[in-house]
Amino acid sequence: MEQEKKSVGNVLKRRLSAKRLALMAIFVALSYVVSFWEFPIFPAADFLKLDFGNVFILLISFLLGPIEGIVVCGLKESLRMLTSTSGCVGEVANMAVTTAFILLPSIVYQFRKGLRWVIPCLVIACFIGTGAALLTNRFITFPLYMKSAAATEFKKLFWFVVGFNLIKTASIGVLTALLYKRLSNFLKKMKI
């Protein structure tokens with residue numbers, strides 16, 4: 001029993017170290033700032049805006065773990081809620097979709113490192129994230145924005161939602177894969 005307490009204490013001490021918390025804070029800030037550089041990719045569905053803030057959330061998930069990624073995501077979306085023009089609906093939906101997207105690759109990465117594991121997990125995560133986006137748009141975003149016309153509008157825009165989320169998750173996955181190794185080497189030198 002005493003050994004288990006020491007083990008849990010050591011894990012918490014390591015997870016809550018000043019360096020790790022500082023790194024998480026930096027990634028919250030980066031994700032938050034970058035999320036304001038957004039642009040629509042489909043004129044017919046201009047409310048679907050692509051931004052690359054989630055690259056930093058996926059990066060921190062690989063670097064520190066899925067729990068830290070979810071915490072960074074939650075903090076970034078909480079900051080976005082302070083200036084929300086959507087009544088926080090978009091931020092809640094984005095947190096659900098981002099969490100669904102980052103979980104599989106970041107959990108697998110804790111046990112299996114290397115591109116041979118990361119790439120297939122990111123591909124699967126694109127479909128998981130897109131599926132989560134379809135569910136959140138159908139049952140959260142559209143009903144809260146469009147009220148009684150939600151089902152009709154969702155049917156009209158279904159393929160835009162699918163295409164947008166596949167493009168978004170794939171581009172975030174590719175950028176993360178390109179940036180990860182450089183960042184990982186830098187952080188190893190800093191002993192984080």
*Asks:* To the nearest 0.5 Å, what is the distance between CZ on F56 and CG on L30?
*Replies:*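 One gets 4.5 Å once the value is rounded to the nearest 0.5 Å.
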
*Asks:* Are the side chain of T176 and the backbone of I172 linked by a donor-acceptor contact shorter than 3.5 Å?
*Replies:*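 At least one qualifying donor-acceptor pair exists.
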
*Asks:* Hydrophobic clusters here meaning ILVMFWY residues chained together by side-chain heavy-atom distances under 4.5 Å, can you tell me if V161 and L135 are in one?
*Replies:* no

*Asks:* Out of curiosity, C121 SG to I107 CD1, how far, rounded to the nearest 0.5 Å?
*Replies:*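 Going from the SG atom of C121 to the CD1 atom of I107 covers 10.0 Å.
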
*Asks:* Can you name the closest pair of heavy atoms from V55 and L179 and give their distance?
*Replies:* CG1-CD1, 4.0 Å

*Asks:* State, to 0.1 Å, how close L157 and A45 come at their nearest heavy-atom pair, and which atoms those are.
*Replies:*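 Closest approach of L157 to A45: CD2-CB, 4.3 Å.
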
*Asks:* Quick check on the hydrophobic clustering: are V123 and L166 connected, directly or via other members, by side-chain heavy-atom contacts under 4.5 Å?
*Replies:*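 Per the 4.5 Å side-chain linkage, V123 and L166 are co-clustered.
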
*Asks:* Measure from the side-chain N and O atoms of K49 to the backbone N and O of D46, and report whether any donor-acceptor pair falls under 3.5 Å.
*Replies:*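 Between the backbone of D46 and the side chain of K49 there is no qualifying donor-acceptor contact (under 3.5 Å).
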
*Asks:* So does K181 get a backbone contact from the side chain of N185, meaning a donor-acceptor N/O pair under 3.5 Å?
*Replies:*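 Yes; at least one donor-acceptor contact below 3.5 Å.
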
*Asks:* Consider only side-chain heavy atoms of I, L, V, M, F, W and Y, link residues closer than 4.5 Å, and tell whether M146 and F42 are in one cluster.
*Replies:* yes

*Asks:* According to a hydrophobic-cluster definition based on side-chain heavy atoms being under 4.5 Å apart (Ile, Leu, Val, Met, Phe, Trp, Tyr only), do V72 and V34 belong together?
*Replies:* yes

*Asks:* Would a distance-only check, ignoring hydrogens and angles, find a side-chain to backbone donor-acceptor pair under 3.5 Å from T130 to C126?
*Replies:* yes

*Asks:* Mark yes or no for whether S171, through its side chain, and K168, through its backbone, hold a donor-acceptor pair below 3.5 Å.
*Replies:*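 Looks like yes, one N/O pair under 3.5 Å.
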
*Asks:* Show the nearest heavy-atom pair for residues P43 and I41, with the distance to one decimal.
*Replies:* CD-O, 3.9 Å

*Asks:* Go through W37 and F52 one step at a time and tell me if the side chain to side chain contact (heavy atoms under 4.5 Å, CB included) criterion holds.
*Replies:* CA-CA 8 Å; W37 295 326; F52 296 102; over 6 Å; no

*Asks:* Let me confirm one number: the CZ-OG1 distance from F127 to T169, rounded to the nearest 0.5 Å.
*Replies:*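 These two atoms lie 8.0 Å from each other.
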
*Asks:* Keeping the roles fixed (side chain from R138, backbone from F154), state whether a donor-acceptor pair exists under 3.5 Å.
*Replies:* no

*Asks:* So is K113 actually on top of Y109's ring, under 6.0 Å and inside 45° of the axis?
*Replies:* yes

*Asks:* Does R80 form a salt bridge (Lys or Arg N to Asp or Glu O under 4.0 Å) with E77? I'd like the steps, not just the answer.
*Replies:* CA-CA 5 Å; R80 290 282 313 219; E77 294 303 335; 5.4 Å; no

*Asks:* To the nearest 0.5 Å, how far apart are CZ in F101 and CG in N94?
*Replies:* 11.5 Å

*Asks:* Take N54 and K76 through the side chain to side chain contact (heavy atoms under 4.5 Å, CB included) test and state the conclusion after the steps.
*Replies:* CA-CA 10 Å; N54 287 348; K76 175 253 204 174; 3.5 Å; yes

*Asks:* Surrounding CZ of F47 (heavy atoms of other residues, nucleotides or ligands, distance under 6.0 Å), is the total greater than 12?
*Replies:* yes

*Asks:* Would you check if the side chain of T99 reaches a backbone N or O of A96 as a donor-acceptor pair within less than 3.5 Å?
*Replies:*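 Checking the backbone N and O of A96 against the side chain of T99, no donor-acceptor pair under 3.5 Å is found.
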
*Asks:* Tell me the closest heavy-atom pair linking S184 and L63, and the distance in Å.
*Replies:* CA-CD2, 4.0 Å

*Asks:* Could you give the distance from CD1 (I102) to CG (L122), rounded to the nearest 0.5 Å?
*Replies:* 11.5 Å

*Asks:* Are Q110 and P66 packed together at the side-chain level, in the sense that at least one heavy-atom pair is separated by less than 4.5 angstrom?
*Replies:* yes

*Asks:* Can you name the nearest heavy-atom pair linking L58 to P105, along with the distance?
*Replies:*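 Answer, listing the atom of L58 first, then P105: CD1-CG, 4.4 Å.
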
*Asks:* Answer with yes or no after comparing the ring centroid distance for F36 and Y32 against a 6.0 Å cut-off, counting only values under it.
*Replies:*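 Yes - the distance between ring centres of F36 and Y32 falls below the 6.0 Å cut-off.
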
*Asks:* Atom OG of S106 and atom CD1 of I67: how far apart are they, to the nearest 0.5 Å?
*Replies:*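 Those atoms lie 9.5 Å apart.
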
*Asks:* Starting from the C-alpha separation in whole Å, work towards a yes-or-no answer on side chain to side chain contact (heavy atoms under 4.5 Å, CB included) for L75 and F27.
*Replies:* CA-CA 10 Å; L75 292 171; F27 276 68; over 6 Å; no

*Asks:* With the 4.5 Å side-chain cut-off for hydrophobic clustering, are V97 and I167 part of the same group?
*Replies:* no

*Asks:* For a quick check under 3.5 Å, do S35 and D51 share a side-chain donor-acceptor pair by atom type?
*Replies:*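 Checked: S35/D51 side chains show no N/O donor-acceptor pair below 3.5 Å.
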
*Asks:* Might you work through the side chain to side chain contact (heavy atoms under 4.5 Å, CB included) test for L50 and E38, ending with a clear yes or no?
*Replies:* CA-CA 5 Å; L50 179 61; E38 57 189 9; over 6 Å; no

*Asks:* Distance alone, cut at 3.5 Å: any donor-acceptor contact between the side chains of E91 and S86?
*Replies:*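 Yes, side-chain donor-acceptor contact under 3.5 Å.
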
*Asks:* Identify the heavy atoms of M81 and V92 that sit nearest to each other, and give their distance.
*Replies:*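 Looking at all heavy atoms of both residues, the closest pair is CE-CG2, 3.8 Å.
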
